[in-house]
Amino acid sequence: MAIATQTGGSILRPAAYTGVDGFKPSFGLVPTRGLVPLAPSLDHVGVIARSVADCRLFLRAAKPRTALNIASDASRNPKLLIGWDALRQCTPEVRHNFVRAVETLRAAGADLRDAEPLRLDVMLAAHRIIMQAEATALHDRQLETHGFSYRPLIRAFIESGRSVPASGYVQALCLAETLRHDLTLELAPYDALLLPSVPDEPPAIETTGDASLLSPFSLAGTPTITLPSGVTKSQLPLGIQLVGHPGRDDALLSTAEWCEDHLGRGLPPPRIGESRRQ
């Protein structure tokens, strides 16, 4: 497993693109002490691993005092809320892959219901304002003296935060709280929200890809996990995302284990130094 951090989508996105699991715990559950912050209201510490069981091991190691509450219960058929409106921004291959995964889980006995519109665009806008403002506040002075140490895209993002007014930042924080509350209410009768992890296939090396389906839940602070769900026609990995209740990370992992049992774990990556034989 690999320790990873996420402010937007930097745990689940690379995991989905490489055909493994990525787990972002609830906001604040795993301390960020010792890390260089980007946006303290959004920064999470999590893990990229080969299975849900390994994600559970990470959580036991990261939060040993809560280990007794992190027990597996993957026997009960889950109640899942399906975020169909997220498919509007997905490619046809991602949509097809997601529908196939949903039908597999339905056939296995999951209780599936359609979610109300998720307001992902509003969540994404609030996330961006908060991330810009906080990143600039923390890194603007260092840009003046160590700007050469920042990669161009990160530097441009930090510089763009200079134009965010204080009133806009405060309004975004208030909106984020409302959106968290609304999401928590809608999720209350269900075990998790299900939607694609990424809207397209893995990109070229010049970019880390699209985090628009992930950043809203970094804003919400909910625990989230991506599971391998298939491959594209060109054999590139895709994933589905489960969003759980804040502070109930153990329950989300149990739901993910149930889904993993019925979807399969996919083709695991080769060990270091090994080549994969077809």
Side-chain angles (χ1 to χ4, degrees), residues 11-13 15-25 46-59 69-88 90-116 118 183 186-199 201 213-214 217 222-233 235-245 248-269:
I11 297 174
L12 273 69
R13 180 174 45 184
Y17 283 149
T18 52
V20 293
D21 293 14
F23 171 53
K24 179 188 76 64
V47 67
I48 296 173
R50 292 183 179 227
S51 67
V52 179
D54 284 350
C55 294
R56 191 181 293 280
L57 286 174
F58 159 79
L59 196 56
N69 298 322
I70 307 171
S72 175
D73 179 19
S75 60
R76 181 178 58 85
N77 292 358
K79 294 181 65 176
L80 301 177
L81 200 58
I82 310 300
W84 292 113
D85 59 324
L87 298 187
R88 289 181 296 182
C90 296
T91 63
E93 280 202 272
V94 171
R95 291 198 295 268
H96 174 75
N97 177 269
F98 182 73
V99 170
R100 185 173 56 188
V102 167
E103 291 307 315
T104 298
L105 297 177
R106 189 193 307 275
D111 182 358
L112 306 181
R113 306 295 171 90
D114 296 346
E116 295 295 324
L118 296 172
L183 178 63
E186 185 165 12
L187 262 178
Y190 303 95
D191 293 301
L193 169 69
L194 178 67
L195 68 161
S197 300
V198 289
E201 68 178 29
L213 299 181
L214 305 172
F217 306 108
T222 52
T224 56
I225 189 169
T226 181
L227 306 175
S229 61
V231 295
T232 66
K233 292 179 182 178
Q235 299 301 300
L236 295 175
L238 294 172
I240 58 167
Q241 175 185 191
L242 289 163
V243 179
H245 300 265
R248 293 177 55 190
D249 297 55
D250 54 338
L252 176 65
L253 291 175
S254 292
T255 299
E257 282 179 315
W258 188 95
C259 294
E260 181 184 65
D261 287 344
H262 294 284
L263 292 173
R265 294 183 182 174
L267 184 63

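No experiment lies behind these values; they were computed from the predicted model shown.
The CD atom of E201 sits 5.0 Å away from atom OG1 of T232, with the distance rounded to the nearest 0.5 Å. Residue F23 holds its CZ atom at 8.0 Å from OG1 of T224, rounded to the nearest 0.5 Å. The structure places CG of L214 at 5.0 Å from CD of Q241, a figure rounded to the nearest 0.5 Å. The CG atom of D261 lies 7.0 Å from the CD atom of E257; values are rounded to the nearest 0.5 Å. One finds the CD1 atom of I240 at 10.5 Å from the CD atom of E260 (value rounded to the nearest 0.5 Å). Taken from OH in Y190 to OG1 in T255, the straight-line distance is 14.0 Å, to the nearest 0.5 Å.
Scanning for ring-ring contact (aromatic ring centres under 6.0 Å, His included) contacts around H96 gives an empty result, with sequence neighbours left out. Every residue was checked against the ring-ring contact (aromatic ring centres under 6.0 Å, His included) condition with F217, not counting sequence neighbours, and none meets it. Contacts of D111 classified as salt bridge (charged side-chain N to carboxylate O under 4.0 Å, His left out), with partners at least two apart in sequence or in another chain: R113.
At least one side-chain heavy atom of V47 sits less than 4.5 Å from a side-chain heavy atom of C55. You'll find the side chain of F98 reaches within 4.5 Å of the side chain of I82, heavy atoms only.
Between E103 and R100 there is no salt bridge, since no side-chain nitrogen of the basic residue lies less than 4.0 Å from a carboxylate oxygen of the acidic one.
With hydrogens and angles disregarded, a donor-acceptor distance shorter than 3.5 Å links the side chain of D85 to the backbone of L118. Remark: the backbone N or O of A49 is not paired with any side-chain donor or acceptor of D21 at under 3.5 angstrom. Side-chain atoms of E186 come within 3.5 Å of backbone atoms of E116 as a donor-acceptor pair (strictly under, hydrogens ignored). For H245 (side chain) and L252 (main-chain N/O), no donor-acceptor pair under 3.5 Å exists by modelled atom type.
Atom CZ of R248 has 12 or fewer heavy atoms from other residues, nucleotides or ligands within 6.0 Å.
When the options L193, D191, I225 are evaluated for a side chain to side chain contact (heavy atoms under 4.5 Å, CB included) with L242, the one that passes is I225.
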